**Q** 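Starting off with a structure, shown below.
All values reported here derive from a predicted model rather than from experimental measurement.
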Amino acid sequence: MKFGISKEPINIQEVIDHVVQRNAGAITTFIGTVRELTKGKKTLFLIYEAYESMAIKKLEQIGTEIRERWQGAEVAIVHRVGKLDITDVAVVIAVSTPHRADAYEANRYAIERIKEIVPIWKKEHWEDGQEWIGDQLEKVSYLEGKPEAKHLDE
């Protein structure tokens with residue numbers, strides 16, 4: 001899948017294969033993994049959830065934004081949901097462009113936009129408790145484990 005949400009481990013090579021093109025001089029990948037320490041707390045595992053149909057639309061929107069901003073760019077993004085252990089891959093972004101600087105910039109743009117607009121949220125499980133973190137920028141917490149309906153359609 002070129003833009004998707006997956007309940008299974010992400011096949012990194014498949015994501016890359018979606019952006020291979022004859023005119024690309026560069027392919028960059030971003031592989032986001034689950035880290036053990038967050039703000040000084042030891043994380044045991046995460047649970048990611050998403051408003052899947054909207055998340056896919058937003059991932060596609062990010063791909064469109066990148067293609068409009070960086071000429072010749074191709075993009076593929078897959079985010080995982082469900083229980084993820086430490087070091088598991090949570091997101092893979094692949095971007096190809098004719099020149100390497102554009103590939104780096106577009107890839108960075110993609111992960112920042114994911115955190116801004118894609119309805120994916122997580123619950124962190126620590127040694128001493130757990131908490132729904134909320135939006136990926138950690139600016140809005142979701143006490144009930146998911147955003148209110150009004151947040152999903154924004």
**Q** Could you list the residues that satisfy salt bridge (Lys or Arg N to Asp or Glu O under 4.0 Å) with E60, not counting sequence neighbours?
**A**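 With neighbours one apart ignored, the set is empty.
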**Q** Side chains of I5 and I120, heavy atoms from C-beta outward: is any pair under 4.5 Å?
**A**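 The answer is yes, as the side chains (C-beta and beyond) meet within the 4.5 Å cut-off.
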**Q** With F30, which residues qualify under ring pair (Phe, Tyr, Trp, His ring centres under 6.0 Å), at least two apart?
**A**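 Result, ring pair (Phe, Tyr, Trp, His ring centres under 6.0 Å) vs F30: none returned.
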**Q** Let me have the donor-acceptor pairs involving side chains of residues 66-74, under 3.5 Å, with sequence neighbours excluded, atom names and distances please.
**A**
{"residue": "R67", "atom": "NH1", "partner": "G63", "partner atom": "O", "Å": "3.4"}
{"residue": "R67", "atom": "NH2", "partner": "T64", "partner atom": "OG1", "Å": "3.4"}
{"residue": "E74", "atom": "OE1", "partner": "K2", "partner atom": "NZ", "Å": "2.8"}

**Q** For the CG atom of L44 and the CG atom of D128, what is their distance to the nearest 0.5 Å?
**A**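 Atom-to-atom, L44:CG and D128:CG are 9.0 Å apart.
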**Q** If every non-hydrogen atom of R80 is compared with every non-hydrogen atom of Y48, which pair is closest and at what distance?
**A**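 Heavy-atom minimum between the residues: O-CB, 3.7 Å.
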**Q** R100: what forms a salt bridge (Lys or Arg N to Asp or Glu O under 4.0 Å) with it, not counting sequence neighbours?
**A**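 With sequence neighbours excluded, R100 shows a salt bridge (Lys or Arg N to Asp or Glu O under 4.0 Å) to no residue whatsoever.
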**Q** Going from CD1 on I93 to CZ on F3, what distance comes out if it is rounded to the nearest 0.5 angstrom?
**A**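 One gets 10.5 Å once the value is rounded to the nearest 0.5 Å.
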**Q** Once you measure the plane-to-plane angle for H125 and F45, does it fall in the parallel (<30°), tilted (30-60°) or perpendicular (>60°) bin?
**A**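 H125 vs F45 ring planes: parallel.
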**Q** Quick test of your reading: applying side chain to side chain donor-acceptor pair (under 3.5 Å), list the pairs with at least one residue in residues 23-32, sequence neighbours left out, ordered by first then second residue.
**A**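 Sorted result for residues 23-32: T28-N107.
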**Q** Kindly write out the residues that satisfy side chain to side chain donor-acceptor pair (under 3.5 Å) with S96, not counting sequence neighbours, or none if the list is empty.
**A**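 Scan of S96 (side chain to side chain donor-acceptor pair (under 3.5 Å), adjacent residues dropped) gives Q21.
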**Q** Provide the closest heavy-atom pair for S6 versus V78 in the form atom of the first, atom of the second, distance.
**A**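 Heavy atoms only, the tightest pair is CB-CG1, 4.0 Å.
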**Q** Name the atoms and distances for all side-chain donor-acceptor pairs under 3.5 Å in residues 82-91, with sequence neighbours left out.
**A**
{"residue": "K83", "atom": "NZ", "partner": "D85", "partner atom": "OD1", "Å": "3.4"}
{"residue": "D88", "atom": "OD2", "partner": "D85", "partner atom": "N", "Å": "2.7"}

**Q** Taking side-chain contact (heavy atoms from CB on, under 4.5 Å) as the test, write out the residues that go with K57, two or more places apart.
**A**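 Once residues adjacent in sequence are excluded, K57 has no partner under the side-chain contact (heavy atoms from CB on, under 4.5 Å) criterion.
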**Q** How far does CD of Q13 sit from NE2 of H18, to the nearest 0.5 angstrom?
**A**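 One gets 11.0 Å once the value is rounded to the nearest 0.5 Å.
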**Q** Which atoms form the tightest heavy-atom contact between I77 and A110, and what is the distance?
**A**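 Residues I77 and A110, closest heavy atoms: CD1-CB, 4.4 Å.
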**Q** How far apart are the closest heavy atoms of Q61 and I117, and which atoms are they?
**A**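 Closest pair (atom of Q61, atom of I117, distance): NE2-CD1, 3.7 Å.
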**Q** Name all pairs fulfilling the ring-ring contact (aromatic ring centres under 6.0 Å, His included) condition that reach into residues 84-104, sequence neighbours left out, sorted by first residue then second.
**A**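 Pairs touching residues 84-104 that pass the test: none.
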**Q** Could you tell me whether the side chain of E36 reaches within less than 4.5 Å of the side chain of T43, counting heavy atoms only?
**A**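 They are not in side-chain contact.
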**Q** With a 4.0 Å cut-off, would you call E116 and R113 a salt bridge?
**A**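 The answer is yes: the pair qualifies as a salt bridge.
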**Q** In Å, rounded to the nearest 0.5 Å, how long is the span from NE2 of H79 to CG of L59?
**A**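 With rounding to 0.5 Å, NE2 (H79) is 8.5 Å from CG (L59).
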**Q** Listing request: all salt bridge (charged side-chain N to carboxylate O under 4.0 Å, His left out) pairs with a residue in residues 5-23, at least two apart in sequence or in separate chains.
**A**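 Pairs touching residues 5-23 that pass the test: K7-E52.
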**Q** What's the separation between atom CD1 in I27 and atom CD1 in I16, rounded to the nearest 0.5 Å?
**A**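 Here the interatomic distance stands at 7.0 Å.
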**Q** Report the distance from atom CZ of R108 to atom CD of E105, rounding to the nearest 0.5 Å.
**A**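 So the gap between those two atoms works out to 10.5 Å.
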**Q** Evaluate the side-chain contact (heavy atoms from CB on, under 4.5 Å) criterion for residues I62 and V75: first the C-alpha distance (whole Å), next the side-chain angles of each, then the deciding distance (0.1 Å), finally the verdict.
**A** CA-CA 9 Å; I62 293 166; V75 185; 5.6 Å; no
**Q** Provide the closest heavy-atom pair for L46 versus K122 in the form atom of the first, atom of the second, distance.
**A**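 Taking every non-hydrogen atom into account, CD1-CD, 4.2 Å.
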